[in-house]
Undergrad: 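Mind looking over this structure? Questions follow.
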Amino acid sequence: MASPYDEDDDAAPLAGNNSAYDDNPGNDNNQMGQALEMGAVGAQQMGGQVANAYDEETANQKDEHEAPPPPSYMVNLCNWFPLRLFCFAGGAGLVACTILDFIFNGDSFIQWIIRVYLLFFGLVTMMIESPTWTCTRWFQTRIYFWFRILSRMWGRAWFYLFITILCFGEFDQEDPAEFTIVAGFYLIFIAILSFIFSRLSAKKLNRMYEFVAAGTENDEMEGRFIKKYDVLVSVNTEGKMGSMEITKLAKDAGRGLANSERHAIQTYLDESCLGYVTKEDFMKQFLRLKEEKMRFL
């Protein structure tokens, strides 16, 4: 009877596993190296195919919005037109005309009340349309925060039309306020221009959105807007988006901005009414456009 420790019996199972204990495993190493090399080559080929497919898809996106032609004379004229300066002059003129009517025209109690309102509205117009300096920014941001409609150009246009109605309220009076009526005609002109520039500003904002999005969707599109914001604010020391960065973004999108258009876009993006555009407001306001484009600003 053979012992379980017999050398012949032990040799049998070890004979099939000689390679596991072989002192010279060169052949196995060569096979492993060849397998790794083949895997690396396959991964490179697969990566190349993915890259080629991505390039083919993005090629269509890049050609989707070609560079616009050079602006015409009328477009350059609109970009030059200082609408906010004209609006500021309208507010100053309304204040002056109201004071002149107080001095030179007799008025009833109702006329006196109307002129007090007109005087107040003239001062508000001067505040919101004045150049943005340190001394005026505080008033503007507070007005925009508490009276949100005035932060939109179309809202200010309706505001000027309302003032015009008050200015024309004395046409049928025995002693009409001539100076205030003249200011009303001027404000009609300003209101119409505000509606026009509000429409132009909205079109340019939509174009800026299309430029940055470049046909992407969801997380990829959000990543493009985050990267664009970081690139724009990296050129200044404050790390905030202001008028220069908005003008730069519009220029990259192939659009020139008048000062009134830049102001309309900036107040739209600055939802928090801080005087500058934060990344959160930039993302929130632009991503709204993926649902519905703006018609007026």
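Note that the coordinates shown come from a computational prediction; the quantities given were computed from them, not determined experimentally.
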Undergrad: State whether the side chain of Asn206 and the backbone N or O of Ala202 hold a donor-acceptor pair below 3.5 Å, judged by distance alone.
TA: yes

Undergrad: Look at the rings of Phe86 and Tyr186 and say which category their plane angle falls in: under 30° parallel, 30 to 60° tilted, over 60° perpendicular.
TA: parallel

Undergrad: Would you say the ring centroid of Phe159 lies under 6.0 angstrom from that of Phe147?
TA: no

Undergrad: For atom CZ of Arg295, decide whether the heavy atoms of other residues, nucleotides or ligands shown that lie under 6.0 angstrom number more than 12.
TA: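 Result for CZ/Arg295: open.
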
Undergrad: Could you check Met294 against Tyr268 for side chain to side chain contact (heavy atoms under 4.5 Å, CB included), going step by step and ending with a plain yes or no?
TA: CA-CA 11 Å; Met294 297 296 296; Tyr268 167 77; 4.0 Å; yes

Undergrad: Roughly how far, to the nearest 0.5 Å, is CG of Asn259 from OG of Ser243?
TA: 8.0 Å

Undergrad: Could you walk me through whether Arg288 and Glu271 satisfy the salt bridge (charged side-chain N to carboxylate O under 4.0 Å, His left out) test, starting with their C-alpha distance in whole Å, then the side-chain angles of each, then the deciding distance to 0.1 Å, before giving a yes or no?
TA: CA-CA 12 Å; Arg288 284 181 175 179; Glu271 190 187 36; 3.1 Å; yes

Undergrad: To the nearest 0.5 angstrom, please state how far the CD1 atom of Ile265 sits from the OG atom of Ser260.
TA: 9.5 Å

Undergrad: How are the rings of Trp112 and Phe102 set relative to one another: parallel (under 30°), tilted (30 to 60°) or perpendicular (over 60°)?
TA: perpendicular

Undergrad: Do Phe139 and Phe121 share a hydrophobic cluster, counting only Ile, Leu, Val, Met, Phe, Trp and Tyr and linking them when any side-chain heavy atoms are less than 4.5 Å apart?
TA: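 Yes, same cluster.
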
Undergrad: State, with a plain yes or no, whether a side-chain heavy atom of Leu289 is found less than 4.5 Å away from one of Leu205.
TA: yes

Undergrad: Indicate the atoms forming the closest heavy-atom contact of Arg115 with Thr98, along with that distance.
TA: O-CG2, 3.2 Å

Undergrad: Determine whether more than 12 heavy atoms belonging to other residues, nucleotides or ligands lie under 6.0 Å from atom NZ of Lys227.
TA: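 Count not over threshold, so no.
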
Undergrad: Quick one, Arg156 and Arg84 - any side-chain contact, counting heavy atoms below 4.5 Å?
TA: no

Undergrad: Can you give me the closest heavy-atom contact between Asp281 and Ser272, atom names plus distance?
TA: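 Taking every non-hydrogen atom into account, OD2-OG, 2.8 Å.
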
Undergrad: How many angstroms lie between atom CD1 of Ile113 and atom CG of Leu118, to the nearest 0.5 angstrom?
TA: 11.5 Å

Undergrad: Is it the case that one hydrophobic cluster holds both Val235 and Leu257, taking links as side-chain heavy atoms less than 4.5 Å apart, direct or via other members?
TA: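 No, Val235 and Leu257 fall in different hydrophobic clusters.
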
Undergrad: Identify the heavy atoms of Met153 and Ser198 that sit nearest to each other, and give their distance.
TA: SD-N, 3.3 Å

Undergrad: Using every non-hydrogen atom in the two residues, find where Arg262 and Ile246 come nearest and quote the distance to one decimal.
TA: CG-CG2, 4.2 Å

Undergrad: At what distance, to the nearest 0.5 angstrom, does NZ of Lys290 lie from OH of Tyr209?
TA: 7.0 Å

Undergrad: Could you work out, with side chain to side chain contact (heavy atoms under 4.5 Å, CB included) as the rule, every residue matching Phe185, not counting sequence neighbours?
TA: Phe168, Phe171, Ile181

Undergrad: With a 4.5 Å cut-off on side-chain heavy atoms, are Ser194 and Cys87 touching?
TA: yes

Undergrad: Does some side-chain heavy atom of Trp154 sit less than 4.5 Å from a side-chain heavy atom of Ile149?
TA: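 Ile149 vs Trp154: side chains touch.
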
Undergrad: Going by side-chain contact (heavy atoms from CB on, under 4.5 Å), Phe225 matches just one of Glu222, Met221, Lys228. Which one?
TA: Met221

Undergrad: Looking at side-chain heavy atoms only, is the closest gap between Leu232 and Leu249 below 4.5 Å?
TA: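 Contact flag for Leu232/Leu249 side chains = yes.
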
Undergrad: In Å and rounded to the nearest 0.5 Å, what is the OG1 to CG distance from Thr278 to Leu269?
TA: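 Those atoms lie 9.5 Å apart.
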
Undergrad: Between Arg137 and Gln140, do the side chains contain a donor N or O and an acceptor N or O under 3.5 Å apart?
TA: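 No, no side-chain donor-acceptor pair sits under 3.5 Å.
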
Undergrad: Are Ile114 and Ile165 connected in a single hydrophobic cluster, I mean Ile/Leu/Val/Met/Phe/Trp/Tyr linked by side-chain heavy atoms less than 4.5 Å apart?
TA: no

Undergrad: If we only count heavy atoms from C-beta on, is the Lys204 to Glu261 side-chain gap below 4.5 Å?
TA: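 The answer is yes, as the side chains (C-beta and beyond) meet within the 4.5 Å cut-off.
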
Undergrad: Report yes if the side chains of Thr267 and Leu297 come closer than 4.5 Å at any heavy-atom pair, otherwise no.
TA: no

Undergrad: Test of understanding: clusters of I, L, V, M, F, W, Y form through side-chain heavy atoms closer than 4.5 Å, transitively. Do Ile163 and Val182 belong to the same one?
TA: no

Undergrad: Are Trp146 and Leu274 in one and the same hydrophobic cluster, where Ile, Leu, Val, Met, Phe, Trp and Tyr link if side-chain heavy atoms are under 4.5 Å apart?
TA: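 No; tracing contacts between hydrophobic side chains, which count when under 4.5 Å, never links both residues.
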
Undergrad: So, taking the atom named CD1 in Ile190 and the one named OH in Tyr160, what distance separates them when rounded to the nearest 0.5 Å?
TA: 8.0 Å

Undergrad: Between Ser201 and His263, is any pair of side-chain heavy atoms under 4.5 Å apart?
TA: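 SC-SC contact between Ser201 and His263 ruled out.
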
Undergrad: Report yes or no: does Arg255 contribute a side-chain atom to a donor-acceptor pair with the main-chain N or O of Met208 at less than 3.5 Å?
TA: no

Undergrad: Assess whether atom NZ of Lys203 is packed by more than 12 heavy atoms of other residues, nucleotides or ligands within 6.0 Å.
TA: no

Undergrad: If you take all heavy atoms of Val277 and Tyr229, which pair is closest and at what distance?
TA: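 Where Val277 meets Tyr229 most closely, the heavy atoms are O-OH, 2.9 Å.
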
Undergrad: For a quick test of reading the model, state the closest non-hydrogen atom pair linking Leu94 to Cys167 and the distance between them.
TA: CD1-SG, 3.8 Å

Undergrad: Do side-chain atoms of Gln285 reach the backbone of Asp270 as a donor and acceptor pair under 3.5 angstrom?
TA: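 A pair under 3.5 Å: no.
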
Undergrad: Please confirm whether Lys240 makes a cation-pi placement over Tyr276, using NZ or CZ under 6.0 Å from the six-membered ring centre and within 45° of the ring normal.
TA: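 Ring-cation test returns yes.
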
Undergrad: Are any side-chain N or O atoms of Arg224 and backbone N or O atoms of Val212, one a donor and one an acceptor, separated by less than 3.5 Å?
TA: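 Judged by distance alone, yes, a pair lies under 3.5 Å.
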
